[in-house]
Amino acid sequence: MKVLVVGGGGREHAIAWKLAQSPKIDKLYCAPGNAGIAQVAECVDIGAEDIDGIVAFAQENKIDLAVIGPEVPLAMGITDRLEAAGVKTFGPNAKCSQLEASKSFTKAFLARHDIPTAKYTEYTDIDELKKAIGIYGYPMVLKADGLAAGKGVVLAEDAAQAEAAIDEMMGAKVFGAAGDKVVVEECLLGVEASMLCFVDETAIIPMESAQDYKRIFDGDKGPNTGGMGTYSPSLVFTDELQQQINDRILQPTLKGFQEDGLDFKGVLFIGLMITKDGPKVIEFNNRFGDPEAQSVLARLDTDLLDIFVAATENKLNDIDIKWKDDKAVCVVMASGGYPGSYEKGKVITGLDDVDEDVIVFHAGTKKAGDDIVTSGGRVLGVTALAATHDEARAKAFANVEKISFEGAQYRKDIGKILHEI
Ligand code: AMP
Ligand code: GLY
């Protein structure tokens, strides 16, 4: 088969790395890819949001399956376009992609199907929104309705911060049209966890759990990032909690999709808050998490191609998905200054020195002559597998220390339990 992965970050490297192990793939492409992905796939210089370019490439090269990594092309309708051109595609269509692209769409879905989530109200008028400051107390959770590259959520500690956030989102429109509507939510207390699921029209199959570390500094301090590291399986997931998530969230979600005619085929990533009253949905994303994919896919035993093809044919129930017992820890190395502004083009050294069984997923890298240099905020995801969680942690950090580039920063507490339920 000929397969095309769309995207060029750590998540797409993890997807391509796993797909490259499939004996059924004759040719693997990635658009646009990065220096790490180039080791397992042929990278083609087409941006992930250049839908016309990707559709034309897929047709010309007779691609049998396209796999879409990031949320923006999904929301733009890349799946609809590829399918109309006869290319099987793993990733939800534009209608289903609203589950990530509109907070208000998702809140209405959750409410309609009685799925536990935070109380909410939505606003399209800035004066009405300002009158509502503090309605659920503080911190006040304010969310721009649309896609905002992970920056559209503000937890305002007091009325002044809330007013400033409203002025930015709805007044100055710093997120553009994404801020035309703002969702205000009650603040949930508890431990966050991510649950990724393979979904088709007949099944919702959870992957092994993972835990993300979103803030830039140790101890969950500093601004939010795309994610500074993950481990899998999560240490907060008990069998009882898994059962609750299945009964109260996963099954009602699948039933809701069926009732609402949402023909979702792809990965549903459920952001959860494990509260004293049980698990509640914080958000839905419609793609693998990044860097959740790195530690979860590192543990997958089954051929990922079989899973993707089954999902596109509504045959997920026929597949027995197997996972390794080994535990995984992925530590992200980021550019100095990230998530604020940062410099690019720093030469990365030590990549050849890492242990053979450690996987260094590339996120923001590119080739420059004989060197591999930084080209993004998150640069690498150093991922180790071992029989125990502690060994995986130790191995990941020992290997991070072998790699360097000017300004590199990483969290030293990835894999530690920072909060109790
Ligand atoms: P989201 O983009 O919806 O995942 O929100 C980003 C982050 O904001 C989440 O990962 C949580 O840490 C936090 N957050 C969002 N909604 C809530 C809420 N209702 N209560 C508490 N924290 C929240
Ligand atoms: N790591 C969080 C995300 O991918 O949205």
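Remember, it's 1-based here, ligands and their atoms both numbered in the order they're listed.
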Counting from 1, what ligand 1 atoms have a heavy atom of Ala118 closer than 4.0 Å?
19 (N)
Between Arg287 and Phe269, is NZ or CZ placed under 6.0 angstrom from the six-membered ring centre and within 45° of the ring axis?
yes
Could you pull out the closest heavy-atom pair between Met228 and Asp212, with the gap in Å?
N-OD1, 4.1 Å
Pairing of Arg112 and Asp260 as salt bridge, 4.0 angstrom limit:
yes
For atom 13 (C) of ligand 1, what's the nearest protein heavy atom and its distance?
Leu155 CD1, 4.0 Å
Closest approach of any protein heavy atom to atom 19 (N) of ligand 1, naming residue and atom
Glu185 OE1, 2.8 Å
Are Tyr120 and Tyr136, when compared by the centres of their aromatic rings, separated by less than 6.0 Å?
no
Using heavy atoms and a threshold below 4.0 Å, how should the contact between Met273 and ligand 1 be classified: side chain, backbone, both, or neither?
side chain
Does a side chain donor of either Gln243 or Asp247 reach within less than 3.5 Å of an acceptor in the other side chain?
yes
Atom 9 (C) of ligand 1: which of Glu192, Glu283, Glu100 has the nearest heavy atom?
Glu192
With a cutoff of 4.0 Å, is Cys187 in contact with ligand 1, counting heavy atoms of the residue only?
yes
Please check if any side-chain donor atom of Tyr213 sits under 3.5 Å from a side-chain acceptor atom of Thr225, or the reverse.
no
Taking it one step at a time, do Asp263 and Lys265 satisfy salt bridge (Lys or Arg N to Asp or Glu O under 4.0 Å)?
CA-CA 6 Å; Asp263 47 348; Lys265 290 177 192 162; 5.8 Å; no
Non-hydrogen atoms closer than 4.0 Å to ligand 2: which protein residues do they belong to? List them by chain and number, please.
Asp212, Gly226, Phe269, Asn285, Arg287, Gly289, Asp290, Pro291, Glu292
Provide the number and element of each atom of ligand 1 under 4.0 Å from a heavy atom of Lys214.
10 (O)
Distance-only side-chain donor-acceptor flag, Ser104 / Glu122, under 3.5 Å:
yes
Ser234 versus Gln211, closest heavy-atom pair with distance
OG-OE1, 2.8 Å
Check each of Val153, Leu147, Thr117 against atom 6 (C) of ligand 1 and report the one with the nearest heavy atom.
Val153
Between Asp220 and Lys214, does at least one N-O distance fall below 4.0 Å, as a salt bridge requires?
no
The option among Leu188, Thr275, Asp220, Leu272 carrying the non-hydrogen atom nearest to atom 21 (C) of ligand 1 is Leu188
Distance filter under 4.0 Å to Lys103 heavy atoms, resulting ligand 1 atoms:
1 (P), 2 (O), 3 (O)
Just jot down the ligand 1 atoms closer than 4.0 angstrom to any heavy atom of Glu186, in number order.
18 (C), 19 (N), 20 (N)
State whether Phe109 and Lys107 meet the cation-pi test: NZ (Lys) or CZ (Arg) under 6.0 Å from the six-membered ring centroid, and within 45° of the perpendicular axis.
no
Are the charged groups of Asp114 and Lys255 less than 4.0 angstrom apart, N to O?
no
Number the atoms of ligand 1 from 1 as they appear, then name those within less than 4.0 Å of a heavy atom of Lys143, with their elements.
3 (O), 15 (C), 16 (N)
